[in-house]
Q: 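Can you read through this structure? Questions will come right after.
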Protein chains: 2
Amino acid sequence: MTNIKEVARQAGVSASTVSRVLNAKGYVNEATRQKVLQAVQQTGYRPNVLAKSLKSGRSNTICLMVPSMQNPIFPEMARGVEDVARRSGFTVVLCNTNEDDTVEKAYIDKMKTQWIDGFVVCSSMGRADHIRALRGEGFPLVLVNRFEERDVNRLDIVAVDNFKAAYDAVQYLIGAGHRRIALASGREELYFYRERFRGYCRALEDAGIPLDDALVLRETSGVESFDRLTREVMALPDPPTAVFAASDPKAFVVMHALHDMGLRIPADVSVLGFDNVSLSSMVEPPLSTVAQPLYEMGAVATKNLIHQIRYKEQNGQLPPPVHSVLGVDLIVRRSTR
Amino acid sequence: MTNIKEVARQAGVSASTVSRVLNAKGYVNEATRQKVLQAVQQTGYRPNVLAKSLKSGRSNTICLMVPSMQNPIFPEMARGVEDVARRSGFTVVLCNTNEDDTVEKAYIDKMKTQWIDGFVVCSSMGRADHIRALRGEGFPLVLVNRFEERDVNRLDIVAVDNFKAAYDAVQYLIGAGHRRIALASGREELYFYRERFRGYCRALEDAGIPLDDALVLRETSGVESFDRLTREVMALPDPPTAVFAASDPKAFVVMHALHDMGLRIPADVSVLGFDNVSLSSMVEPPLSTVAQPLYEMGAVATKNLIHQIRYKEQNGQLPPPVHSVLGVDLIVRRSTR
DNA sequence: CTGAAAGCGCTAACAG
DNA sequence: CTGTTAGCGCTTTCAG
């Protein structure tokens, strides 16, 4: 790799002049400018970003922390992150924790010593203090989707209103005449699942339908557990006529179990999902679901993060945190009626 | 951030001694070693990786180039890449090109100036010369899945035997009694799709079944085009009794169209996919498919890449290229008979 | 066994 | 307008 010195030699100038030309900093004679440019051309010189970063303390690199690549919502978010980052000249480092706390912790630790300008994180841990500490340590940070109540007004957040989204979804089901509505609920240590649960409860309550705990399906070991749970709940003397799944993958498992039992969707039981991953339109029947703007969530988070990075560079400190609440869409397809 | 000098000061030694202790290089008195370690503890010192890289010319960072995050095979491969990289102390930079040649080219260009140690690439371009040039320029490189015939023995490749896999798949269909077998084919500029096509043709030929071009469905604009194509082919006077889809997403679209036409799977027509993405077991009916070891492909590619990196460091040049052919599995579920 | 010094490639005062 | 100098944080001869 040819370096700046070599270019300087070829152009018959000093390294600083080359630097000035390339970074358009300070005045430089047009004639020498041309000489430098030509030398750059000839040598095919590319500045060493590493050296630049070492000097400037900025790397134009951000860290994207996701808990899983198997849940399709994360790749979709990642797409939004990558798109915005790339267009703004940032590189993204992919940190997949596989829902493993130890890995997440180790990654944070590693990234801090690395050359990272900021973090977009979907944390796997409910109360991951090492992540929350990041902001205190001066690192730009945006939480996407997964956050805690106490993070509001303390950290930057991008998410949807999970309570309201679930409330509206269940209300839609109730409006369609359902009274026995099961919930395929998610891990309770995650705030957004608690919120969706709360929305479910409130919608029921507001409609004067008593909450029946037998209709609340709680994930035990991975989404596959809903296969058994679905069979069990449908075997009840008074089984549900609709199942609201707190995520699309759960809905798929539920649908599969239902099919397997010979039940028709939506004739016998309606299924409503949450996420709108790309495959939800392709299953049979196409899944009605609450659409989260996944790509946009990643994009907005990254825009915010870059804003923080630039702001910090100019003002020496992080801007006040902003909480972005994006809208959801209830997409009615053919799995509900 | 405290630096090595600060640690040295606290320990009452020189920076070089601290370096020696931390990197276990050269002899160092046990007593001073302890002093250093203690100072490291107290200050919470973390070496600056950037400075290290600048010195060593190695960044322990690899680039993962994928054409899409929407096709679920890539996140799954990415998982394999990330897992192996992380365990070996490497960081992975995510470059998603969205199947855009310009983006891909720009990324390569950018990464070359980033002191990237190596590349794992699923190229979007059939003949991407700037990618192939990488090896010539001394960059460790592994092609996964997407490669050209002429790359064999010139570049490192990880893939399955697409010809044989397709051949076996079609032979299975023929063995089940099918004679009219449609192919939902992929973009022809991709070698592996051509290979799958060739396998389809050969299997037919070997069974004495004439190739009927009307049964070859060619993607026009995205996988959605198979919706129309499926309807058309089923409207033929002599429609197929089985459809072999060159990828699972195509199979999903085909199944969907079939359902929509009121056709039963597999009673009226069998559908066989290719990939075994995680959702293929959840659609209705569960999709029979040729399972590619996606995670493993990413993992093997990364292992190979890291081997190249280490080899190059020791020997000053890249090792001879290796072509890893991984095995596939025909998973028979309930969409075929 | 340990410290001093040089240098990875680049940028930013500071002179001139 | 341009060159010299210093230094980002670290490793690595080379002396001692």
Side-chain angles (χ1 to χ4, degrees), chain A residues 1-40 43-61 89 110-117 313-314, chain B residues 1-40 43-61 89 110-117 138 313:
Chain A
M1 267 301 192
T2 106
N3 63 12
I4 201 172
K5 250 177 173 166
E6 175 62 18
V7 176
R9 210 184 49 70
Q10 286 231 11
V13 299
S14 77
S16 13
T17 300
V18 176
S19 172
R20 268 190 289 261
V21 170
L22 262 26
N23 299 295
K25 284 222 171 109
Y27 293 91
V28 45
N29 186 327
E30 183 56 26
T32 60
R33 211 178 80 85
Q34 289 307 330
K35 271 195 303 187
V36 170
L37 256 24
Q38 199 183 343
V40 169
T43 54
Y45 167 71
R46 319 289 286 152
N48 182 324
V49 189
L50 233 47
K52 222 168 180 158
S53 300
L54 181 57
K55 241 268 101 205
S56 65
R58 273 231 359 226
S59 62
N60 281 301
T61 301
K110 180 175 177 186
M111 288 302 126
K112 289 207 298 202
T113 80
Q114 208 97 353
W115 59 102
I116 289 292
D117 288 342
E313 191 171 29
Q314 293 197 349
Chain B
M1 267 300 189
T2 105
N3 62 13
I4 201 171
K5 251 179 173 164
E6 175 62 18
V7 177
R9 209 184 50 71
Q10 287 230 12
V13 298
S14 77
S16 9
T17 300
V18 177
S19 172
R20 267 189 289 260
V21 170
L22 262 27
N23 300 294
K25 284 224 169 102
Y27 293 92
V28 47
N29 187 327
E30 183 57 26
T32 60
R33 211 178 79 85
Q34 289 306 331
K35 271 194 303 188
V36 170
L37 256 22
Q38 200 183 342
V40 168
T43 55
Y45 167 70
R46 320 288 286 152
N48 180 325
V49 189
L50 230 50
K52 221 168 182 158
S53 300
L54 182 56
K55 257 257 121 186
S56 66
R58 272 227 3 221
S59 61
N60 280 301
T61 301
K110 181 175 176 186
M111 289 302 126
K112 290 207 297 202
T113 80
Q114 294 265 19
W115 284 89
I116 285 286
D117 288 343
E313 190 172 29

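Naming convention: chains lettered A, B, ... in sequence-line order (proteins, then strands); numbering from 1 in each chain.
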Q: Can you check the A:Y27 OH to D:dT2 P distance for me, whole Å?
A: 13 Å

Q: Quick one: on DNA chain D, does B:V49 or A:K55 contact a more 5' nucleotide (nearest heavy atom)?
A: A:K55

Q: Report the residue from A:V18, A:V21, A:V13 that forms a side-chain contact (heavy atoms from CB on, under 4.5 Å) with A:V7.
A: A:V18

Q: Specify the separation, in whole Å, of atom CD1 of B:I4 and atom C1' of D:dG7.
A: 16 Å

Q: Could you measure the distance from the CD atom of A:E30 to the CG atom of A:L37? Nearest 0.5 Å is fine.
A: 8.5 Å

Q: Could you go through B:N23 and B:K52, starting from their C-alpha distance and side-chain angles, then the distance that decides it, and tell me whether this counts as side-chain contact (heavy atoms from CB on, under 4.5 Å)?
A: CA-CA 11 Å; B:N23 300 294; B:K52 221 168 182 158; 3.7 Å; yes

Q: Could you work out which one of D:dC1, D:dT11, C:dT11 sits closest to the side chain of B:A15?
A: D:dT11

Q: Looking at CH2 of B:W115 and OG of B:S56, how far apart are the two atoms once the value is rounded to the nearest 0.5 Å?
A: 8.0 Å

Q: Name the closest nucleotide to the B:K25 side chain, picking from D:dC10, D:dT12, C:dG9.
A: D:dT12

Q: For A:T32, report the nucleic acid contact type (base, sugar-phosphate, nothing); a contact means any heavy atom under 4.0 Å.
A: sugar-phosphate

Q: When the distance from CG of B:L54 to P of D:dG7 is rounded to whole Å, what number comes out?
A: 17 Å

Q: B:N3 side chain N/O closer than 4.0 Å to the phosphate oxygens (OP1, OP2) of D:dG9?
A: yes

Q: Can you check the B:R20 CZ to C:dA4 P distance for me, whole Å?
A: 11 Å

Q: Would you kindly give the CH2-to-C1' distance between A:W115 and D:dC10, to the nearest whole Å?
A: 16 Å

Q: Reckon A:S14 has a side-chain N or O less than 4.0 Å from the OP1 or OP2 of D:dT2?
A: no

Q: What contact category does A:S53 fall into here, base, sugar-phosphate, or nothing, at under 4.0 angstrom with non-hydrogen atoms?
A: nothing

Q: Which nucleotide in the list C:dC10, C:dG3, D:dG9 gets nearest to the side chain of B:S16?
A: C:dG3

Q: From CG of A:N23 over to P of C:dG9, roughly how many Å is that when rounded to an integer?
A: 17 Å

Q: Nearest whole Å is fine: how far is D:dT11 C1' from B:K5 NZ?
A: 14 Å

Q: Starting from P on D:dC10, measure out to CG on B:L50 and report it in whole angstrom.
A: 10 Å

Q: Could you walk me through whether A:N48 and B:L54 pass the side-chain contact (heavy atoms from CB on, under 4.5 Å) test, one step at a time?
A: CA-CA 9 Å; A:N48 182 324; B:L54 182 56; 4.2 Å; yes

Q: Return no unless some side-chain N or O of A:K52 is found under 4.0 Å from OP1 or OP2 of C:dG9.
A: no

Q: Between D:dC1, D:dT11, C:dG9, which nucleotide has the shortest distance from any of its atoms to the side chain of A:A51?
A: C:dG9

